[in-house]
Amino acid sequence: MRPILLQGHERSLTQIKFNAEGDLLFSCSKDHIINVWFSHNGERLGTYEGHNGTVWTVDVDSESRFMVSGAADNTLRLWEVATGKCLYTWEFPTAVKRVAFKDDDSQVVCITEQRMGHQCAIRVFDIDREGDGTNQSETPRYMFYPIGSKATVCAFTPTPNVIITGHESGKVALFNVKSGEEINNNERAHGDVVTDLQLSKDGTYCVTSSKDKSARIHDTKTLMVIKTYTTETPLNSAAIAPGRPYVLLGGGQEAMSVTTTSLRQGKFETRFWHKVFEEEVGRVKGHFGPINTIAVHPAGTCYASGGEDGFVRVHHFDDSYFKAKPYGDLDIAD
Amino acid sequence: MPSANADDIDYTDIEEKYRVQYDESFDQTLIVDGVPIIDKSKLDRLLAKICKEFARKGVAIRPDDIFMPWDDTTGKSKGYLFADFRTVDDANLALSALHNHPFDSKHTFKINRFTDVEAFANMDETYTEPEVEPFTPKEHLRAWLADPQGRDQYVTYRGDDVEIYWHGKPSQSELAFKPEWRDFLYVAWSPLGTYIATLHRQGVRLWGGPSWKPQQRFAHPLVKLIDFSPCENYLVTWSNEPIVVPEGAAQGPQYFSPDDEGNNIAVWDIKSGHLLRTFSTTNDSDLPATKKQMQWPALKWSPDDKFVARVTPGQMISVHELPSMYLHGKKSLKIEGVLDFEWCPQGEKDKEDADKDAKALNGAATKPVAKKARENMLAYWTPEVANQPARVTLLGFPSRTILRQKNLFNVTECKLYWQNQGDFLCVKVDRHTKTKKSIFCNLEIFRVREKDYPVEVVELKDTVMDFSWEPKGERFAIVSSSDPNLGNPGPGITIKTDVSFYQLDHAKNDFRLLRTLTSRTSNAIRWSPRGRHVVLATVGSSSKSELEFWDLDFNVEDTGRREQASKEDWGSGIQLLGTVDHYGVTDVEWDPSGRYLATSASAWTHTLENGFAIWDFRGQEIVKRIQDRFKQFIWRPRPPTLLTKDQQKQIRRNLREYGRSFDEEDAAEESNVSAELIALRKRLVDEWNAWRALCKKEHAEVRVQKHGKAEESQEEKEEIEVWVDEVIEQIEEVVVE
């Protein structure tokens, strides 16, 4: 099917996210705004205005009631999805690089940047879901400074009070948020900065992408590397396609060197890799800048990619995608 | 606690450590013989004179350091003296500078090291039989040819790693060897594939045999380029740094001697490793301003390894005989203005004739040889000077007879292209119009096998960028262009070109155009080594990288009927088999069997998508590996076949029968491969599923713990029944009773 081109941002995309049902798509960008779209037709539902800097990250709860966003204006904001109202704002000394909801929506984790003498910090806030949502506590429930290389991405794991983080050095680690203690780590998970980390549906494994041109699937409990996908370009994002045995990888040449090279050399395609066989099965072209972020519909019926070029492209999968059995009749668990 | 007695402490280790090193050797003492015999009155004057002599040669010495023994009975000196130098280096210098130095008309210094004299005096005079080393059979250097599957090898150089692979069917393509060679510039095969050479800082190393043991080495420091002779008997090395022979360097036939200093080309014998001769690339006549890029190979070998020649532009061609490396006939070929030359290659037939000749000579046979092998030939050209036209000359060698000459006018540049069997010579003549504004091209084709060497001209309007003969064939291909951008290359400029094929028409005895392919970007022609197939490639361009696979005898079943068919419909057999794209391709090379084509993108040229690909002759991709820092891909060359013409014919006739067994192998192979692959995939899926099952179980337990109650009751799927009532029609009927 023809991809839907979402043209609502003036600058490059930083993160996109589907809600739990997959009918809404949230996108945030360097132009300070967050947009929400209907994923089936690409119509824009609304815009969340208020941030005063690059919005680095966004996440939405499982009821699609609240949405959190982190930005370079050093704030973390809580929004009401339906009205676009900013319910609460937390302020920090440095920019917020990553936010994530807990699967029961009761907590939010955020990473703040290491800058101007401030260390990289990980904070967990309780979200008060009673009332209108404006009554949030200002102080974090837990807060700690990860030792060593700074964290770039994070997510809650199914294990209570444990988060998984990806670091600038390529390390992937598990932290106990209560104590701030590093439970487990894999220093050599990647050779360069970890750019994205997305959990599987049940949270038992996750896929990470890195500038070292590879993506990997890790067991979220043991941090064992299960699969490795090696490409020839730095990767910015990796996502798992539910229902089909694929992972989607996106990236491309560094944004700064893009202007000196042609489209073909940039490798700005979304790559589909077979999750189990570690073989590339296909590519989808379209962006004319590096792909910064990829998200797959929770039901696996479509996917969206956001690029340095400022566009979001939503691709609905054709029938053949679901019917094709390129490797024969194999039953692969999700 | 016992008190420490100073005498009991063992100081030897400390003493050992801080001991002053006395120089006890006599290495800096020399014995000078041949000193005039004098009496005491002249001693001072003599010593002063000797000191002056030494100082003049750059080794200062004081009279105090000289000890002169005296014969007390006669009151005269003994005619020799001992000289002490400050350092061993000084002594060595003095030894080399003043040994055999004529002191005056009657006296010549003979200098020896003091230690040497002692050593020679104490030498054991009894002769001991040198031990004969047990004979160890050498490995067969061509063992790779005995591969039962007839596979070819190739070498790849990536990052710091060299790997040698077999290339065959998918299951037979495997790593042959991964050497531990370190710190070298690049690798190169010898022309018949026997050796592989690596260029190190210290020199060249050759490796070979089934175990890839070092076979030979040539100490040419900082070597940059090498060139093998066609029969692999000799090696030429070049370094941009002139040869320097340092003090105390290793000596022997395998090393440079002081005579070689300042030169930068060396010729070596491969089997013995001996240095044959060195040359200098800089000509004295060359002005530094007019210095052009060096031609490589600088020395050109005759196809039978008997001669090697080099040109001194504008003056002469010097031909040296092998293995002595003496100038043939003691004089060079003086040719006013000569710019370039090429040896005529030896065809298969010539080789057979030459072999027969050699046999006849060896056996001292009295029976007459039916046909003498063709003499070596070389072609050279001289540019226009004043009233003299430019000229291309065919010369027989060693007889030095001029076989054919052709005068040319308005010439800017000539290039000589021999067909690989030595049947034809094409001279590509770039000519300028009278105004010298535009350049066009003539091809002067010499038919060398025919009587009187007939020459025929193909005139073209465009500039010819590349020319290539079909190996063993009567066709050639040219890339021509009339693009205005030609000659001023710039980034992003892709030059439009035309590719044309020509063939010898036997009826008319001239070369006729077969077909022209217009508006391409191709700039390289690569004929299959067996002829017939040709690949047109666009290399070195940042935007285009097309490869076109062409078959020139598409309609012909077997090559035996080729001539007949081509007469029927001229040029109709040319067929495009496939077009592919290898982004950023820098090198295109056929394998020696003509079955596969390798394309590579080398990190030496650019750093985008480096790697290599192997295609079959139809352009089907077989292997593609994109690898960072990929540098080099080279097929291992094969020596010419040992089968005779008849045997080859026999095989061609029974091709079907041979083919059957190969077909069977292929079928078995295919099912094997797919079975293996399926098994592998099955295993991977099973592993994955098992892991997932385990995860799910653990996950479920965690959830049970977390919520204290089983959540299973909560259905994941929600079934919603929707009843849709649709009113299709409403009819009111009035029933009248």
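Chain A is the first sequence line, chain B the second, and so forth, proteins listed ahead of strands; every chain is numbered from 1. Computed from a predicted structure; not experimentally measured.
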Trainee: So what's closer than 4.5 Å to chain A heavy atoms on E687(B): side chain, backbone, both or neither?
Mentor: neither
Trainee: Using a 6.0 Å cut-off, check whether atom NZ of K285(A) has over 12 heavy atoms from anything other than its own residue.
Mentor: no
Trainee: Run the side-chain contact (heavy atoms from CB on, under 4.5 Å) test on W688(B) and I226(A) for me, step by step, so that the C-alpha distance in whole Å, both residues' side-chain angles and the decisive distance to 0.1 Å come before the verdict.
Mentor: CA-CA 9 Å; W688(B) 173 269; I226(A) 308 290; 3.9 Å; yes
Trainee: Passes side-chain contact (heavy atoms from CB on, under 4.5 Å), H699(B) versus T220(A)? Steps please.
Mentor: CA-CA 11 Å; H699(B) 183 58; T220(A) 41; over 6 Å; no
Trainee: Roughly how far apart are E698(B) CD and D219(A) CG, rounded to 0.5 Å?
Mentor: 7.5 Å
Trainee: Heavy-atom count check: over 12 atoms from other residues, nucleotides or ligands less than 6.0 Å from R129(A) CZ?
Mentor: yes
Trainee: Rounded to the nearest 0.5 Å, how far does NZ of K227(A) lie from CH2 of W691(B)?
Mentor: 9.5 Å
Trainee: In Å, rounded to the nearest 0.5 Å, how long is the span from OG1 of T233(A) to CD1 of I626(B)?
Mentor: 12.5 Å
Trainee: Is it the backbone or the side chain of D686(B) that comes under 4.5 Å from a heavy atom of chain A, or both, or neither?
Mentor: neither
Trainee: Can you tell me if E180(B) has over 12 outside heavy atoms packed within less than 6.0 Å of its CD?
Mentor: no
Trainee: Scan for salt bridge (charged side-chain N to carboxylate O under 4.0 Å, His left out) pairs involving residues 535-549 of chain B, sequence neighbours excluded, and state none if there are none.
Mentor: R520(B)-E548(B)
Trainee: Looking only at non-hydrogen atoms, find the nearest pair between K696(B) and D202(A) and report the distance.
Mentor: CG-OD2, 4.3 Å
Trainee: Non-hydrogen atoms of chain A under 4.5 Å away: do they reach the side chain of R681(B), the backbone, both or neither?
Mentor: both
